[in-house]
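Contents: one structure, followed by commentary.
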Amino acid sequence: MDTWALFALVMLVLGAIQYYVYFWSRPARETSRFLPGPRSWPIFGAALSIGRNPVDVYKSLCDWAKEHGYVYRGWAGPYLFVLVADPVFMEPLLNSTVNIKKSMNYEFLQPWLSTGLLTSSGSKWKSRRKIITPAFHFKILEGFMDSFNSNADVLISKWKRQVGGPEFDIFKHITLYTLDVICEAAMGVQMNFQNNQNCEYIATLHKLADTIVSRSVSPWYFPEFIFNLSPIGRKQKDLIKALHSMSYKVIEQRKKDLCNGKKIENSGTVNYNDVGQKKRLAFLDMLLQYNEDGGNLTLEDIREEVDTFMFEGHDTTSSGLSFCLWSLAESPDCQEKAYEELFEIFGDSDRDTTTEDLGKMKYLECVIKESLRLYPSVPFFLRELNEDVKIEGINIVAGTTVGLSPAIMHKNPKYFPNPEKFDPERFTAENVRGRHPYAYVPFSAGPRNCIGQKFAMMEIKVLISKVLRNYKLIGVGRKPTFSYELILKTTEGLYIKLENRK
Ligand code: HEM
């Protein structure tokens, strides 16, 4: 074939694609007409201006809201993306029992998490949510208090050597704490990462997170076959194989324990051992027990849920905890008030924190909520609409990817005046009254809300109550650079100094 014939053929194919895309995306263009948004370039849309790394992506999404408002649109090639950061739009979207499908972006997690609770949709998600919900009953969560406390003690003792020393990054320390906690909670194994931070598992987990983030900001890696052939895709495959093999090993071991007569009694309620103490039940045990009771989860089904909880249960809480401790260091007045409340509850005692104590930490709860307002661990979550939704006269058509953003909405001065100020008083009962109920959604809301939110709040309160009783946190005034790595992080960590309380 001569050059011109080849050229004509290429033009014909491109023309056909353009024609197909034009007509295929017609309904989406109808939605787009009513919404402002960043400039859209032929073929790529706004994909080229969003940025190529997690810092730029976070910044672009936030800056576009300043420029175009709290509901705006963007095109990623032929795909329409609508960002929503307004409670009037949030409410019907989050409450829908139909529009519960996660967007294509969650597929990047699937090689690792498969279709566990976070990434699945439709009837699979419904049945899993039903099976797993009892594992988050308050009575079950109470059983994790000793794990929160004992792992917090390890951190407190590690931080002794930071007292009076130079500023240090708390993010890494806190991540090891939340990993220790979630390993006990999800799999029932004590890993002691806090004293063994160079272990293979953590290194593998971090490398895997890097590959997932790199893929999500590189459209040329979106098609699976291209990604799988790339060096980063091949690296990801090896990392996932290593993590899966560890999960399978733990599951097999727990299964054997069960067969050897260590039967879990009273599945779905707290277990008591011979001396009447509460015994911890790992989520894995519950899933295995579900099968013993006639359920039909395969080994792969159980593995994907264990991995889902390992991921969702540690990175989110670690981000929430780190930003909260850092905020307290930077806001000494709030820290003093939180400490005084703790002193009223505990006096001088070093005793463990109990569930009764947690209920009395009213001010600390406001502090945590305020920190999650400014620094929500999940700054954006995404859905692909199954059916059209009409809100305020705008018809958002089925197939649109909707990005729901607590990070942007929580800074709307209409709902949170002087939004950049760290002010826990915003969350007193009196000040919450009258605020739109969907203006604050760090744990999402509606049927696909965070199943682990009570677990997270308990874990956060236990650790902070122990840290503040032992140490005074000193701010060093370093402003963080935010980075959107599915979870909210910073490029350089979060720095504070420590002084002894006593
Ligand atoms: C500060 C801590 C946490 C925050 C801010 C948080 C936030 C969220 C958000 C916003 C979602 C919705 C995500 C989406 O729609 O894509 C979510 C879902 C989820 N979270 Fe959390 N989370 C936290 C801690 C936890 C913990 C500790 C666990 C488990 C122990 C957990 C397990 C899950 C699971 C399994 C889902 C998926 C639920 C479903 O789709 O049915 N989270 N979380």
Side-chain angles (χ1 to χ4, degrees), residues 84 90 93-97 99-109 113 115-122 124-133 135-137 140-141 144 147-148 174-175 177-179 181-187 282-284 286-287 304-325 365 368-369 371-384 401-407 409-410 438 440-464 486-489:
V84 167
M90 279 277 177
L93 286 164
L94 289 179
N95 271 340
S96 168
T97 48
N99 285 317
I100 54 168
K101 185 177 170 195
K102 296 293 174 77
S103 75
M104 184 186 87
N105 311 58
Y106 289 77
E107 286 170 19
F108 305 148
L109 287 166
L113 306 181
T115 43
L117 194 60
L118 177 71
T119 47
S120 58
S121 298
K124 177 166 181 181
W125 169 77
K126 267 193 195 131
S127 90
R128 285 289 166 85
R129 181 94 188 193
K130 208 165 148 196
I131 295 169
I132 294 171
T133 295
F136 287 89
H137 187 277
I140 301 283
L141 297 184
F144 293 118
S147 168
F148 301 149
I174 301 290
T175 303
Y177 162 76
T178 57
L179 261 172
V181 166
I182 202 65
C183 277
E184 278 185 46
M187 304 197 281
F283 300 132
L284 168 58
M286 308 257 182
L287 296 174
E304 68 189 17
E305 294 305 349
V306 167
D307 284 344
T308 295
F309 283 97
M310 286 297 299
F311 166 67
E312 268 295 299
H314 94 272
D315 236 9
T316 46
T317 318
S318 151
S319 167
L321 254 167
S322 302
F323 277 108
C324 192
L325 287 169
E365 184 149 331
I368 298 166
K369 285 181 175 167
S371 173
L372 285 171
R373 177 186 73 82
L374 281 166
Y375 315 110
S377 315
V378 187
F380 309 96
F381 36 92
L382 302 136
R383 300 280 161 83
E384 185 184 308
T401 297
V402 176
L404 302 129
S405 175
M409 184 172 69
H410 291 174
Y438 286 78
Y440 178 72
V441 289
F443 293 102
S444 183
R448 286 216 83 156
N449 70 349
C450 175
I451 201 169
Q453 59 183 291
K454 282 200 197 107
F455 180 100
M457 285 304 277
M458 289 167 81
E459 182 180 354
I460 293 174
K461 276 185 172 176
V462 169
L463 184 77
I464 298 185
L486 309 176
I487 305 296
L488 184 66
K489 303 229 169 127

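As the structure lists them, so they are numbered: ligands from 1, and atoms in each ligand from 1. Basis for what follows: all heavy atoms, side chains included, without hydrogens, waters or symmetry-related copies. Owing to the predicted nature of the structure, the values given are computational and were not obtained by experimental measurement.
In this pair, Phe283 and Phe309 present their aromatic rings tilted. The plane angle is within the 30 to 60° band.
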Ligand 1: protein N/O within less than 3.5 Å of ligand N/O:
residue: ligand 1; atom: 15 (O); partner: Lys102; partner atom: NZ; Å: 3.4
residue: ligand 1; atom: 16 (O); partner: Lys102; partner atom: NZ; Å: 3.2
residue: ligand 1; atom: 16 (O); partner: Tyr106; partner atom: OH; Å: 2.5
residue: ligand 1; atom: 20 (N); partner: Glu312; partner atom: OE1; Å: 3.0
residue: ligand 1; atom: 40 (O); partner: Leu117; partner atom: O; Å: 3.4
residue: ligand 1; atom: 40 (O); partner: Arg448; partner atom: NE; Å: 3.0
residue: ligand 1; atom: 40 (O); partner: Arg448; partner atom: NH2; Å: 3.1
residue: ligand 1; atom: 41 (O); partner: Trp125; partner atom: NE1; Å: 2.8
residue: ligand 1; atom: 41 (O); partner: Arg129; partner atom: NH1; Å: 2.7
residue: ligand 1; atom: 43 (N); partner: Glu312; partner atom: OE1; Å: 3.4

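Judged purely by distance below 3.5 Å, without hydrogens or angles, the side chains of Ser147 and Glu184 pair a donor atom with an acceptor atom.
In this structure Phe323 satisfies the ring-ring contact (aromatic ring centres under 6.0 Å, His included) test together with Tyr375, sequence neighbours excluded. The side-chain contact (heavy atoms from CB on, under 4.5 Å) check on Lys124 picks up Thr115, Ser120, Arg128, Glu304, with sequence neighbours excluded.
The stretch residues 309-322 participates, sequence neighbours left out, in these salt bridge (charged side-chain N to carboxylate O under 4.0 Å, His left out) pairs: Asp315-Lys489.
Proximity of Met458 to Phe144: side-chain heavy atoms (C-beta onward) are nowhere separated by under 4.5 Å.
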